[in-house]
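What follows is a single structure, written as structure tokens, with notes after it.
In this text the structure is predicted, and so the values were computed from the model without any measurement. In what follows, chains carry the letters A, B, and so on, assigned in the order in which the sequence lines appear, proteins first and then strands, with residues in each chain numbered from 1.
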There are 2 protein chains.
Amino acid sequence: MSLEYLKKKRILLVDDEPELLKMVRSILEEEGYRQIETAQCVKEAAEKAESFSPELAVLDVMLPDGDGFELMEKLRKMGDYPVLFLTARGEDEDKFTGFGLGADDYIVKPFLPQELLFRIAAILRRTYKEEEPQVRLKCCTIDFSRAEVERGGERIPLTAKEYELLNALYRNAGRIVTIDALCEAAWGDNPYGYENSLMAHIRRIREKIEENPSRPVSLVTVKGLGYKLNVEGK
Amino acid sequence: MSLEYLKKKRILLVDDEPELLKMVRSILEEEGYRQIETAQCVKEAAEKAESFSPELAVLDVMLPDGDGFELMEKLRKMGDYPVLFLTARGEDEDKFTGFGLGADDYIVKPFLPQELLFRIAAILRRTYKEEEPQVRLKCCTIDFSRAEVERGGERIPLTAKEYELLNALYRNAGRIVTIDALCEAAWGDNPYGYENSLMAHIRRIREKIEENPSRPVSLVTVKGLGYKLNVEGK
DNA sequence: CTCAAATGTAAGGTAATTGTAAGGCTGGGA
DNA sequence: TCCCAGCCTTACAATTACCTTACATTTGAG
């Protein structure tokens with residue numbers, strides 16, 4: 001059972017004490033985690049999260065410009081990754097607030113390094129069941145980690161927008177994704193007026209992933225409802 | 001965010017003290033969990049797991065005929081569901097053994113009921129993403145997230161209007177929905193003058209979901225009142 | 001700055017979906 | 001028995017949502 005891929009996950013640490021931050025970081029790095037970002041307040045954390053797209057967040061409850069709970073709500077709006085809280089001993093109320101809001105684990109300071117590592121590993125293992133770099137489609141495979149499509153030995157690169165759209169479709173593989181949802185995924189805040197542009201992108205994606213782009217089988221349109229990505233295998 | 005579906009998950013409790021078993025069971029039942037099995041030793045647990053197919057296991061470390069770690073290895077061979085350990089205070093070595101073997105969480109006795117509930121909910125939430133509701137009818141199933149009807153292995157797509165109408169009927173499954181209400185659902189603002197069109201759509205839907213569209217059993221008409229969708233309840 | 005690649009826009013085309021209409025049932029009442 | 005209302009059924013016409021393509025604009029690397 002190879003768990004190596006878990007070491008590549010992006011982890012965001014947020015704590016106001018630089019000492020603790022440094023300690024936790026070194027614990028994780030020693031264990032082999034390679035992608036770690038840190039922040040010392042809510043504002044900084046939100047900015048880092050935006051560009052870093054963490055796959056796990058470890059948050060202190062007490063922060064100079066707010067609290068960890070408020071921060072978690074912010075983070076949850078951006079992506080659905082697990083959140084683990086650190087807090088001072090004994091504040092049971094905090095613990096319950098955190099769990100109630102949907103935290104994934106809660107560790108009381110002071111803690112044993114080993115326990116932190118185990119809990120992080122347990123959450124990552126559950127959340128990211130197995131590495132799935134290759135998504136198989138009818139007549140090609142998509143490699144999201146390289147943003148490439150492989151078809152008949154040939155490697156075709158995806159552009160940024162194509163990647164975002166395909167990813168949004170893949171996250172809902174098999175289900176219908178509305179035009180609005182796709183615009184939202186690709187253009188964010190102001191996703192209006194791009195319907196036509198979306199269509200052009202869909203066409204370009206189809207030229208990369210379909211045998212016959214005019215008779216799509218993997219990225220099909222459901223008239224009046226949206227688009228749907230069909231992936232192979234259970 | 002509906003978390004109701006988590007309450008239906010099958011949970012296996014294993015502990016040698018009948019008292020504790022009873023207590024944990026009542027904590028869970030009070031919270032709304034409905035499918036709970038218990039066992040008092042490794043042997044019994046293995047048997048129950050076989051027939052019960054748990055979706056989460058809560059294990060004590062100390063058992064009369066073995067230990068929880070050994071049991072976890074047995075369970076893992078049968079299925080990949082999360083395991084949470086309960087143990088007596090202070091046995092840090094146990095804790096690390098458990099996590100090292102792939103446990104998902106670890107709670108030290110004595111614990112607060114609330115904490116157990118939160119940790120169980122957190123694990124279930126991460127492990128089991130919300131499932132899509134499949135609506136079962138007399139001779140087919142409807143999958144709204146894919147806008148498809150599955151009948152005898154065949155997948156028949158629904159069009160936008162068909163989707164809207166079926167959805168409106170499903171939201172009032174078993175009850176009569178008036179013609180006006182259906183027009184309202186499908187045509188919004190100005191739902192007048194579409195009665196005939198509605199009929200044509202009803203026909204098309206029946207051809208997709210009924211054995212004999214002319215003798216409907218799932219989407220029946222109630223003369224003078226409207227239509228009604230009969231779903232197979234359980 | 002320059003150039004190529006990526007992205008957005010526009011316009012004519014097309015086919016599936018939807019609307020329409022006309023004739024056909026069926027069951028209840030007179 | 002006949003008639004009528006309310007719904008069914010079908011074929012076909014109209015619409016609209018999407019396709020396709022060429023081209024304009026933006027972006028970003030060097």
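The shortest non-hydrogen separation linking A/I107 to A/F111 is CG2-CB, 3.6 Å.
Across all strands shown, B/Y163 has no heavy atoms under 4.0 Å from either base or sugar-phosphate atoms. Contacts of A/T221 with the nucleic acid, taken as non-hydrogen atoms under 4.0 Å apart, involve only primed sugar atoms and P, OP1 or OP2. Counting non-hydrogen atoms under 4.0 angstrom, B/A200 reaches a base of the nucleic acid. At the heavy-atom level, B/T159 lies under 4.0 Å from the strands shown only through sugar-phosphate atoms. Across all strands, B/K161 comes closer than 4.0 Å only to sugar-phosphate atoms, never to a base (heavy-atom distances).
Within a 6.0 Å radius of CD in B/E29, more than 12 heavy atoms belonging to other residues, nucleotides or ligands are found. Summarising the local packing, NZ of A/K43 is surrounded by 12 or fewer heavy atoms from other residues, nucleotides or ligands at distances under 6.0 Å. Enclosure of atom CZ in A/R215 is not indicated, since only 12 or fewer non-hydrogen atoms of other residues, nucleotides or ligands lie within 6.0 angstrom.
The side chain of A/W187 places no N or O atom within less than 4.0 Å of a non-bridging phosphate oxygen (OP1 or OP2) of C/dT7.
The interatomic distance linking B/M199 (CE) with D/dG6 (C1') rounds to 7 Å, in whole Å. One interatomic measurement links the two molecules: CD of A/E195 to C1' of C/dG8, which rounds to 13 Å at whole-angstrom precision. Atom P of nucleotide C/dA6 and atom CG of A/L166 are separated by 15 Å, given to the nearest angstrom. In this structure, the OH atom of A/Y227 is 15 Å from the P atom of C/dA16, given to the nearest Å.
A heavy atom lying under 4.0 Å from DNA chain C marks the following residues of residues 201-210 of chain B, by number: B/H201, B/R204.
Among C/dT26, C/dT17, D/dC8, the nucleotide with an atom closest to any side-chain atom of A/K223 is C/dT17. Candidate nucleotides C/dT26, C/dA10, D/dC18 were compared by shortest atom distance to the side chain of A/N196, and C/dA10 ranks first.
For the atom pair CZ (B/R155) and CG (A/N230), the distance works out to 9.0 Å, reported to the nearest 0.5 Å.
Annotation: cation-pi geometry satisfied between A/K9 and A/Y128 (NZ/CZ under 6.0 angstrom from ring centroid, within 45° of ring axis).
A/R34 places no side-chain N or O within donor-acceptor distance of the main-chain N or O of A/K7, the cut-off being under 3.5 Å.
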